[in-house]
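Written below as structure tokens is the structure these notes are about.
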There are 2 protein chains.
Amino acid sequence: MDAISVIRTKRDRGRLSDEQIDWVIDAYTRGAVADEQMSALAMAVLLNGMDRAEIARWTAAMIASGERMDFSGLTRPTADKHSTGGVGDKITLPLAPLVAACGAAVPQLSGRGLGHTGGTLDKLESVPGWRASLAGDEMLSVLDEVGAVICAAGDGLAPADKKLYALRDVTGTVESIPLIASSIMSKKIAEGTGSLVLDVKVGSGAFMKSLADARELAATMVGLGTDHGVRTVALLTDMSVPLGLTAGNALEVRESVEVLAGGGPADVVELTLALAREMLAAAGLPDADPARALADGSAMDVWRRMIRAQGGDPDAPLPVARETHVVTAPSSGVLASLDAYAVGVAAWRLGAGRARKEDPVQAGAGITLHAKPGDEVTAGRPLLTLHTDTPEKFAYAEEALAGAFTVSPAGTDVARTPLILDRIA
Amino acid sequence: MDAISVIRTKRDRGRLSDEQIDWVIDAYTRGAVADEQMSALAMAVLLNGMDRAEIARWTAAMIASGERMDFSGLTRPTADKHSTGGVGDKITLPLAPLVAACGAAVPQLSGRGLGHTGGTLDKLESVPGWRASLAGDEMLSVLDEVGAVICAAGDGLAPADKKLYALRDVTGTVESIPLIASSIMSKKIAEGTGSLVLDVKVGSGAFMKSLADARELAATMVGLGTDHGVRTVALLTDMSVPLGLTAGNALEVRESVEVLAGGGPADVVELTLALAREMLAAAGLPDADPARALADGSAMDVWRRMIRAQGGDPDAPLPVARETHVVTAPSSGVLASLDAYAVGVAAWRLGAGRARKEDPVQAGAGITLHAKPGDEVTAGRPLLTLHTDTPEKFAYAEEALAGAFTVSPAGTDVARTPLILDRIA
């Protein structure tokens, strides 16, 4: 078995055998297959595809490259959620404590943001004192005692994926449904959850721009989860406009706390409840009532305990950016569109995101929306507020927002895209 | 400009702009584009192609990555030959002195063998004392005084190609007509020859297995040469059976000397004369008579001076392998087929070739053929003689020869493939 023959098989539109897949993933993890060989193979996979059996084996080989967590000692059923990433997508923050308040255990191993979508750990790190890194037994004890834990994935889970993901990021080989699906699912399956709900985002601010691609990705991932004994469901949700009214780190924590307090923007509440219901049903708790857990404060209670268990102070004031700048409506009427991607890029440029893995993020940076599509706006009144510690970035952020919103004459009927577009199980 | 956007352009079936090509070749040569990025781009080029203008720019960028030689100070016109490689292809050895004897200057910068086809330098190094490496001015003075020089290409010519060629070799991205054509032609154009004859091999022992692919490669290279002011002609020649009666290093030198002495196998003589006539015509010497230069000893005279000028002794006995083993004909009749690829692999396994760049080759190793397709053979009489210093390799070589030849009943009419299949100018 050698790397060149594996690459040639896929290059020439062949099927990779189980032995070829097992060998190449293991050899790459050990360093016996070089980065330049794996990137050539990744490009061949991107252009020539993999069938369902190949994707399943590829995923299994990545899981086998590292350790698997085991939650069988917990008394509660486990439920996890994964979002493919969007602008203003803070749903994990209210969702994990909410689902825990309803009786499931929620082990939420999360990542940091790269590019225009934020990372859950970056957001939570704006809470004073909060730590993302937990040892394996510490993670289990928070999960056991609080019911929910959000922390960084350890290096031991699917190390092949970790290495391949970093490689794909610099070689133009990210946009492959087989590689995306196997990357996400190898981590989630290695993590050991019993059930999984996938939030597959569709639209300008998402990775998948078309509903057809999102459907294919969702179906692939649901199939992989099911094959590995994880009860898996996917919701396809709209990401053509930002979720909620904030994009940024501390800004999104604040909005999440509002949702846990029974308030918050309607779309964030709707999606949080929809995902909570799916998670609870998949975990075998179909009768739980998440709306009530938001209303009666029990979800907020889990949130506070979860933050404290990881060193955070839920009562400490959240960081605020040093400077703000208001973008006003150019005319009066109805906000007809507000592009998620442009808002994400602008928030990123203001300091909420990072260009390279080693860059820091600004806790207070980001964007507050004062209107969403369909809302009335008045010429000269605030439409967006930009937040940053580095005001020289305002012009750079405004450049990203050029053409990002349109205002139609008052009375125009603006069709609102439904938030939940499809469900795949 | 960044590597990922260049990779994405080709991945998504776009045209690379002149600026993208210039940038990526220069940045790769400097190390600013990483091997894993270039291999992903090479795979995208292999699968999605490049149009004629892209190939031309890619070639120009590789030429611009290094120095160009200048033969304008010579009194004779320059003519060069390049073969895409085949089994038993020793043609450069008699051809260079022959064309020099007819009045052209032949600067033959050659390579070493990798895989089942031998390398011209490996063959000549079996001549006691002969040196492949010459300094630039030493090379020019041999060319000026002798009329022909065969030596290793310096590191300064098309360094981008050197780096990319080594990368393609380990990443399954060799078999791309745009990349093969630009690799060959960047070196040849940088070398500064005024005219060039390409011997594009077709068949089992060649890189191009089909006539259609060989034609496309030849037309691409002829176009590139012409665009750069080099008078370029290609012959498509058969490589389904080995050329001549030997495959190996010293074995092929001996056969070449036979040709220069006015003898040698008919196919080697035919191809040597055909290529010589093309080179002389392209160099503006259409009235020269290469058959006469073989017959009157003037080509042999240039050979001897050329070998001496590089430290070799043309009168020294050539190395002989320590052991030989005879493969006999399994039945009597007519040899119907003898597969070039199998013979090449067997010679390589016997020690004539190398698996890795740093491996040594055996000067005496290789194979002698006692019959070619169409010849009569007798059961139990020698068909092939295997030569090696490492007799434990005989079994390994014979394994490669399994099914490599067939014998038909006596009187069967075996159609011989013509040696020269097409000419592209």
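Note that the structure is a prediction, hence the values are computed from the model and not measured. Chain letters run A, B, ... following the sequence lines, proteins first, then strands; residues in each count from 1.
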Flag yes if more than 12 heavy atoms outside A/D359 fall under 6.0 Å of its CG atom; otherwise flag no.
yes

Check the surroundings of atom OH in B/Y341: do more than 12 heavy atoms from other residues, nucleotides or ligands lie under 6.0 Å from it?
no

Determine which residues belonging to residues 32-42 of chain A lie within contact range of chain B, meaning some heavy atom pair is under 4.5 Å apart, and list them by number or answer 'none'.
A/D35, A/E36, A/Q37, A/S39, A/A40

In residues 1-11 of chain B, which residues are in contact with chain A at a heavy-atom separation under 4.5 Å?
B/I4, B/I7, B/R8, B/R11

According to salt bridge (Lys or Arg N to Asp or Glu O under 4.0 Å), does anything in residues 40-52 of chain B pair up with another residue at least two apart or in another chain? List the pairs.
B/R15-B/D51, B/R52-B/D227

Check salt bridge (charged side-chain N to carboxylate O under 4.0 Å, His left out) between B/D213 and all other residues, then give those that pass, not counting sequence neighbours.
none

